[in-house]
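Take a look at the structure set out below.
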Amino acid sequence: MQDSDLLSKLNPAQQQAVEHGDGPLLILAGAGTGKTRTITRRVAHLVTERRVLPSRILAITFTNKAAQEMKSRIAAFVPHTGIWAGTFHGICARMLKMQPEPVGRTSNFSIIDVDDRRKLLRRLIKEAGFDPQIYRPRKFENIISTWKQNRMSPADLNDEPVYGREAEICAQIYGKYEHALAQQDSLDFDDLLWKGLMLLKYDAEQPAPRWVNRFDHVLVDEYQDTNQVQFEMVSLLSKATTNLAVCGDPDQSIYSWRGADISNILNFERDFPNAKIVRLEQNYRSVGNILKAAQNVIEQNEERYEKGLMTEQEDGAPILLTDAYDEEREADTVAMQIARWVDAGTSAKEIAVFYRTNSCSRSLEQALTRLQIPYQMIGGLSFFERKEIKDLISFARLVVNPRDDVAFDRIVNVPPRGIGATSIVRLHEQANANRESMLTSIKRDDVRASIRGTAKRGILKFLSIYDNICQQTTSAEITLRNIVERTGYRRYADKLEATEDVDRLANIDELLAFAAEYDAREEGGVHGFLQEISLLTDTKRWDVTAEKISLMTIHAAKGLEFDCVAVVGNEEGLFPHARSFEDPDGLEEERRLFYVALTRARKEIMLTHAKVRYRTGSPGPTSPSRFLQEIPQEVLPETAFASQLKEVDSFPTRSSTSLTNSDDGTSSEIVVGDEVRHPVFGDGFVERIQGTGANARIVVEFNETAEQRTLLMAYSMLEKLS
């Protein structure tokens, strides 16, 4: 293959990066600037033009998907190369399989997954005489993972003692855990990096190194996301030749909570002298207004390399900014704007809604469900699928239906009351023998007499809590608030270990806010509230083959792109998150996260915030995010901030039920037999109308699909056709 073929369709900066010779290279790649194309063509150039043996090239990515994409793109230019390409963990596993002895394993070692690790920790905790309900395996798992990321062995903890009873016990279990892994010839996920680095350090001291001289060129993608262990690894692997090429963007470093160290990319010139720096600034993704907004915002940060973003595309639509009274109205507005995008021809799969924390998704799910807009959760659970929400809803279900054994099983020992699995199995056996519900069974003296010790006390405590809540059951909000307070669930949720960027307390507050909103418009109490939730969470009505809107956190959106994007919850304390206020580094990372959100959009972006949001147990006023103030005026519409969504506000709201606006400005009521038009589903025929007022539902048969859909009249968005 000719080098001209490799360089075709590359801009001058990309060509410069591809053709760089020996020595360290830093490719500063802004969002949407074609970094993957640049890296893969550099690899092909090394093989075809510089005659580097493919087996002496190492290309490292952060995800298996990215590694596969890189391999396939390289193969298009250099088939069957034999290049080492993979994730940090995958490369380490490969090296350790080939030379496991220096880390005390054999070539047949196993890699245990998260579930296996948790089960092993549970067994070790019990064998050490501790209660796993108190000293939780998942918590110990996180503590041990942090120690390993900081390269602290059980022996190191003796030299740097830990403080606190829980940490002391965890240190004991850590030693037993490492001994068990060695006995089983196993490594966990954290071990792959740590043991991989240990292997490289051992190798560097040998008279004939096997690994540190193994590669002539090392390339690393997403370098801004590397941690200290990964930095030391690539430093050792490239030390002999200094041929280290890294690609990344400090403006997109958003994973410090996962151990990423932005200083690795900011200090590249110091750590690797005489480094060549190439800036990729030609954006191929977004229209001009989006890039102007993103660039103006990110320039407020100090910890960054100076670079810009430019495009040959037109400016495109202005940035759509809007505020709403509360999160419910905010979600309604976003849902209606999504319907407009779809009606204008944008594919549903090319539309996404981002939020800083998962608690923001509940009102969005509700609004999209009301408008019958299909959606899917990406990189996280649906609001009603989250543990804390399912726990509280299950308790409410048991209050409403004492025979609900599924709900009983879920919450009888949540929060932990010492009722173990063995006791629950025994209770099930007796309930089945007596042909009665679990709740009825545990109220019998003879049944409780068969359970002893902690479990018996736990059952009595549960019954006391349950009876107390049942006596105070009124509205949905009061019932759920009693459940939260009487069970001590807020304290329990606060101690739960987060395996993702989750604010469980905010989710609880959001559920209470939803219950309060329900009570304000309905008189169904907790029973009606549970029924409404069951409708909202019934996703079977969606066609699995249909295109769907994507809902996700901004962290989950990294690396993705969509035609149209809405970002909700742009408020001080939420985005930027309150945790960042006292930490300049934290605030800069929040701004980088906002930059990532903006640059996911190709054509249009909508930014919203609520004037009032339910936080910390009660509604309160909010202030617009400082990031909104950093967007330049030139990319905004000429109309005033508060009136930019005037057209969207003309859609039916809670106060405008069955009335639609006709062309002459007069109002007309939709009745059975009318022809109507929906912005998503098209034209149809009104079959029937059920109920009145806020509960009114309209059944429409749509022409294109010949299927009937039932819509809430207040949110139907139907236009009556003459």
Side-chain angles (χ1 to χ4, degrees), residues 62 88-89 92 111-128 130-158 160-181 184 186-197 225-230 254-261 357-358 379-381 386-388 391 414-416 489-508 553 555-556 577 579 583 586 589:
F62 264 81
F88 274 101
H89 290 88
C92 287
I111 302 172
I112 65 171
D113 61 21
V114 173
D115 288 337
D116 290 337
R117 176 167 62 178
R118 203 164 293 159
K119 290 175 182 176
L120 176 57
L121 286 170
R122 178 177 294 277
R123 176 170 66 80
L124 295 174
I125 291 169
K126 292 177 71 173
E127 289 178 355
F130 301 108
D131 184 354
Q133 296 293 333
I134 299 175
Y135 301 103
R136 302 180 300 281
R138 187 177 294 183
K139 181 65 175 293
F140 279 18
E141 175 188 344
N142 291 338
I143 295 174
I144 291 172
S145 179
T146 300
W147 284 335
K148 288 192 174 188
Q149 289 175 24
N150 292 322
R151 287 163 287 171
M152 297 180 67
S153 69
D156 294 328
L157 296 177
N158 294 329
E160 298 183 21
V162 297
Y163 299 96
R165 176 65 173 166
E166 185 177 56
E168 290 175 359
I169 294 174
C170 186
Q172 296 178 35
I173 301 302
Y174 184 20
K176 298 178 183 296
Y177 174 70
E178 289 296 280
H179 179 72
L181 288 180
Q184 298 174 22
S186 298
L187 296 175
D188 63 23
F189 204 61
D190 293 310
D191 283 330
L192 292 177
L193 292 184
W194 189 9
K195 302 296 186 186
L197 179 59
D225 294 333
T226 55
N227 59 28
Q228 280 303 111
V229 171
Q230 292 159 337
I254 59 174
Y255 295 118
S256 65
W257 52 276
R258 222 164 54 182
D261 188 348
T357 66
N358 279 300
L381 295 173
R386 293 171 190 146
K387 170 180 168 50
E388 58 273 20
D391 286 346
V414 176
Y489 198 93
R490 195 178 292 276
R491 293 191 301 274
Y492 166 68
D494 193 32
K495 294 179 181 178
L496 283 174
E497 312 79 68
T499 57
E500 53 178 321
D501 192 20
V502 173
D503 190 341
R504 299 186 191 276
L505 297 182
N507 289 341
I508 293 172
T553 65
H555 282 103
H577 199 282
R579 288 193 300 260
D583 180 7
E589 178 154 331

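Everything numeric here is computed off the predicted structure, so don't read it as measured data.
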Heavy-atom pair of closest approach, residues G196 and C92 = CA-SG, 4.1 Å
ask   = Is there a donor-acceptor pair under 3.5 Å between the side chain of Q230 and the backbone N or O of N227?
value = yes
task = Say whether D156 and S153, considering side chains only, have a donor N or O and an acceptor N or O under 3.5 Å apart.
result = yes
Considering all heavy atoms, the nearest A167-W147 contact = O-CH2, 3.9 Å
query = Is any side-chain heavy atom of Q149 closer than 4.5 Å to a side-chain heavy atom of D190?
reply = yes
message = I want to check something: taking the side chain as every heavy atom from C-beta on, are L193 and H89 in contact at a cut-off of under 4.5 Å?
response = yes
ask   = Take atom CZ in R491; do more than 12 heavy atoms of anything else shown fall under 6.0 Å from it?
value = no
message = Would you say that more than 12 heavy atoms from the other residues, nucleotides or ligands in this model lie under 6.0 Å from the CZ of F189, or not?
response = no
Residues forming a salt bridge (Lys or Arg N to Asp or Glu O under 4.0 Å) with K176, sequence neighbours excluded = none
request  = Drop me the distance from Q133's CD to I125's CD1, to the nearest 0.5 angstrom.
outcome  = 10.5 Å
ask   = Is the closest side-chain heavy-atom distance between Q228 and R151 below 4.5 Å?
value = yes
key: Least distance between heavy atoms, Y489 atom then E388 atom   = OH-CA, 3.1 Å
query = Does the pair D391/K387 count as a salt bridge with the N-to-O cut at 4.0 Å?
reply = yes
query = Which distance, rounded to the nearest 0.5 Å, do you find between the CD1 of I508 and the CZ of R386?
reply = 12.5 Å
query = Is there a side-chain contact between K126 and P132 (heavy atoms, below 4.5 Å)?
reply = yes
note = The ring pair (Phe, Tyr, Trp, His ring centres under 6.0 Å) partners of W194 (sequence neighbours excluded) come to none
query = Between Y492 and P416, is any pair of side-chain heavy atoms under 4.5 Å apart?
reply = yes
request  = Quick one: pull up CZ in R490 and CG in L505 and give me the separation to the nearest 0.5 Å.
outcome  = 6.0 Å
query = If you take all heavy atoms of H555 and Y255, which pair is closest and at what distance?
reply = O-OH, 3.2 Å
ask   = Is the side chain of D191 donor-acceptor paired with the backbone N or O of D188 at a distance under 3.5 Å, no angle test?
value = yes
task = Evaluate the side-chain proximity of F88 to L192: yes if any heavy-atom separation is below 4.5 Å, no if none is.
result = no
ask   = Looking at side-chain heavy atoms only, is the closest gap between E127 and L124 below 4.5 Å?
value = yes
request  = Could you pull out all residues at least two apart from Y177 that satisfy ring pair (Phe, Tyr, Trp, His ring centres under 6.0 Å)?
outcome  = none
ask   = Side chains of N142 and T146: closer than 4.5 Å at any heavy-atom pair?
value = no
note = Rounding to 0.5 Å, atoms CD1 (I173) and CZ (F140) come to a distance of 6.0 Å
remark   = d(E141 CD, R138 CZ) to nearest 0.5 Å is 7.5 Å
query = Just how far is it from atom CG of D494 to atom CZ of R504, taken to the nearest 0.5 Å?
reply = 10.5 Å
query = Under a 4.0 Å N-O cut-off, is there an ion pair linking K148 with E178?
reply = yes
